[in-house]
Each structure stands twice: as C-alpha cells, then as structure tokens.
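Everything quoted here is computed from the prediction, not taken from an experiment. In what follows, chains are A, B, ... by sequence order, proteins preceding strands, each numbered from 1. When reading the values below, keep in mind they use all heavy atoms of this one structure, side chains included, and skip hydrogens, waters and symmetry mates.
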Protein chains: 2
Amino acid sequence: MTTTPDLSEQLRGAGLRVTRPRLAVLDAVSGLPHADTDSIIGAVRRELPSVSHQAVYDSLHTLTAAGLVRRIQPTGSVARYETRIGDNHHHVVCRSCGAIADVDCAVGEAPCLDASDQHGFVIDEAEVIYWGLCPSCSTARPQ
Amino acid sequence: MTTTPDLSEQLRGAGLRVTRPRLAVLDAVSGLPHADTDSIIGAVRRELPSVSHQAVYDSLHTLTAAGLVRRIQPTGSVARYETRIGDNHHHVVCRSCGAIADVDCAVGEAPCLDASDQHGFVIDEAEVIYWGLCPSCSTARPQ
DNA sequence: TCCGCTTTCCTGAATGAGTCAAGATTGGGG
DNA sequence: CCCCAATCTTGACTCATTCAGGAAAGCGGA
C-alpha cells in the first residue's frame, strides 16, 4: 500500500501540513468508509501505536474543514467519516442494526435542491438519508 | 389552552397511557418546534415543576416510538423534536447558528425515494436536510 | 368506588463521545 | 541547520443520554 505519496499530495494540496497522524487517519477513513471515531482510532494505532485520541479528533476536524473527508451523523449514531466526497451521493441506514451503505442519487446532481420555500436561507447542500432495513435485518425479522 | 382533550386522545389513540408528564411533553413539543431536550424540560416544568428529566426523556422516546413526535438530529446538534409528522416535510439548518426551519419538499410526496441502487435495503423514509446560512447569518457574515 | 397489576416516574449514579488546556514536539520555509 | 507556528500528548473535564431500583400512578375489572 504505497499510497502515502497520494495522501501527502492531498494534504499539501489543501494547504495542510503533512504529519503522520493525518496520513494514517486519511488512510484509515478511506479504508473503512462510514467508520466511527473509535474504529478509526483503532485502525490508526495499527500503524502508529502511540497516537493520542485527541490527535485523531483534531485530524478529523481539520480534514473535514479542508473538505478531504466528510462527516455524517445519522440520528442516534455517533459521528462517522468517509472520503468519498464531491460526488453527491447519499446514504441508506438500517433502522435495526445501523448499517450504512452508499447510494447514488437517481435524480441527478442536486436532488431536491429547489426547496419550495427556503425561508431566506442560502442553501449550499442537500443531505439525504434513506431509512429502512438492510438485507439481513429485513429477512431476519420482517416484523 | 384547552387542547388537553385532543392531546389525551392522541395518546389514547396510540395505545399509550395518559399521564401528565406525557401531556406536558406533547404540548411543549408542539409549541416549540425543533426544540432540544433541555428546552422541552424547561417548558414542561413551567406546567409541572417537579417532573424529572428522566420522565421527559422516557416520554420523548415513547412518543417517538408511537409516531406522535419525530426526532431529528442534524450533524453536530443534540436531539430535537417536532410534532409535524406524516406530511413529508424536511429541514434547512444554518451552518453558522444552527437555526432550523421547515421546508415542504418541492418534488411532491416522496423525494428521491427511488434510489438508483438500494443495496437490497427496504427503504421506508427519505430524510432530507438542507445546509446553508439563515437570513441573519448570511447578511451578518457573508464570508 | 375500590383493587391490583403494570406501566410509568423519581432519585441518584454512571456512561461515553467529544472538548479544553497547557506544555512538549515536529514540520518545513528561510 | 534554525526557528516559529502548527500540531501532538497527557490528563482532566463537560454534558447529553442512559441505567437501576424503588415509589407512585393509570386503568381495567369487580
């Protein structure tokens, strides 16, 4: 996995310093889409055993602010992160087990972006979350 | 405000016991759309000064499970509740101050419900959150 | 109207994701 | 190679939400 050069480029391109914690976090998030902070900390520590949880939190915030990762947080879930950004995709969340999957919106680029009455808000993004049951949960307990 | 009979009916119709905490919570949520739990506790205690926060949490869970209130929780926010349900409306959230407003979806009843690839999920709801800046924040700090 | 069985509520403590703060390290331009 | 600002470490802390056990209150039936 010699993707480190790419990841460094991403960081540098966003005007951020290239540090090992950030590289590890970026790598972990891209390898574990929709992972929560705890899983990310675990994955990062497999590379760098001594990173503090704080460094991971800081990195995630910085990377999110820089637009390199996206943070999602469905109702009832902790924060989750992914690196697939800028392609206008959405998420399906299982009400039963919390599993998350990506969904490309059928409508096109900007779904429902023309809200009927925006109340004067300047809208820049429409986030869509589909709720339902994942394959295993829907067969395991149809009720 | 003699809406108590109505509220009692709602509870009874959902097969729930009619208790004063529940009536007060239902009343508070309908009077303060998008309020967080703390505000709801405050409003409830104006009617019933001695309700425990636990009773409010329990009531909110029960009412949510019964479909009498809806829980929303935009990324970075605590849980918020509203009584406007079953009419397929969505929300605009201000990135700066967190203000929330209702939005009737322009598309019709079920926006984007036909996701291109559902990954085998059985979808029953599409939740849409528009992100942007509210009128005051967009004029106060255009940047 | 009263009983009794549950459900619901209260008190008080615990959990856990996320944040704050201060000092030590480190990246990278000069 | 140096130096300073940005970043990381450590450790304490916040606060929304949950857990637990006993008390109180709904409500269907007598």
Requested in this report: Can you figure out which of C:dG18, C:dG12, C:dC10 approaches the side chain of B:H53 most closely?
Outcome: C:dG12

**Report entry** Main-chain N/O of B:A79 paired to B:R71 side chain as donor or acceptor, under 3.5 Å
**Finding:** no

Report summary line: Sorted by position of nearest nucleotide on DNA chain D, 5' first, the leading residue of B:Q73 and A:V51 is A:V51

Query - Point-to-point distance, once rounded to the nearest 0.5 Å, from NE2 of B:H89 to CD of B:E82 - result: 3.5 Å

**Report entry** Derivation and outcome, side-chain contact (heavy atoms from CB on, under 4.5 Å), residues A:C97 and A:S136
**Finding:** CA-CA 9 Å; A:C97 70; A:S136 6; 5.9 Å; no

Query - Note: B:D104-B:R84 ion pair, threshold 4.0 Å (strictly below) - result: yes

Requested in this report: Hey, which sits more toward the 5' end of DNA chain C by its nearest nucleotide, B:P21 or A:V78?
Outcome: B:P21

Report task. For A:E47, look at atom CD and say whether over 12 heavy atoms of other residues, nucleotides or ligands are found less than 6.0 Å away. Result -> no

Taking N or O atoms only and anything under 3.5 Å, show me the protein contacts with nucleotides 2-4 of chain C, one pair per line.
none

Query raised in the report: Would you find a donor on one side and an acceptor on the other, under 3.5 Å apart, between the side chain of A:T64 and the backbone of A:L60?
Result: yes

Query raised in the report: With sugar-phosphate meaning primed atoms plus P, OP1 and OP2, does A:T62 contact a base, only sugar-phosphate, or nothing at under 4.0 Å between heavy atoms?
Result: nothing

Query raised in the report: Do B:D102 and B:H34 meet the criterion of a side-chain donor-acceptor pair at a distance under 3.5 Å?
Result: yes

Query raised in the report: For DNA chain D, which nucleotides open and close the run of contacts to chain A, 5' to 3', at under 4.0 angstrom from a non-hydrogen atom?
Result: D:dA5 to D:dG11

Query raised in the report: With the sugar-phosphate defined as primed atoms, P, OP1 and OP2, and the base as all remaining atoms, what B/S/- string results for nucleotides 21-30 of chain C, 5' to 3', for protein heavy atoms under 4.0 Å?
Result: -----BBS--

Report task. Report the distance from atom CG of B:L48 to atom C1' of C:dC10, rounded to the nearest whole Å. Result -> 14 Å

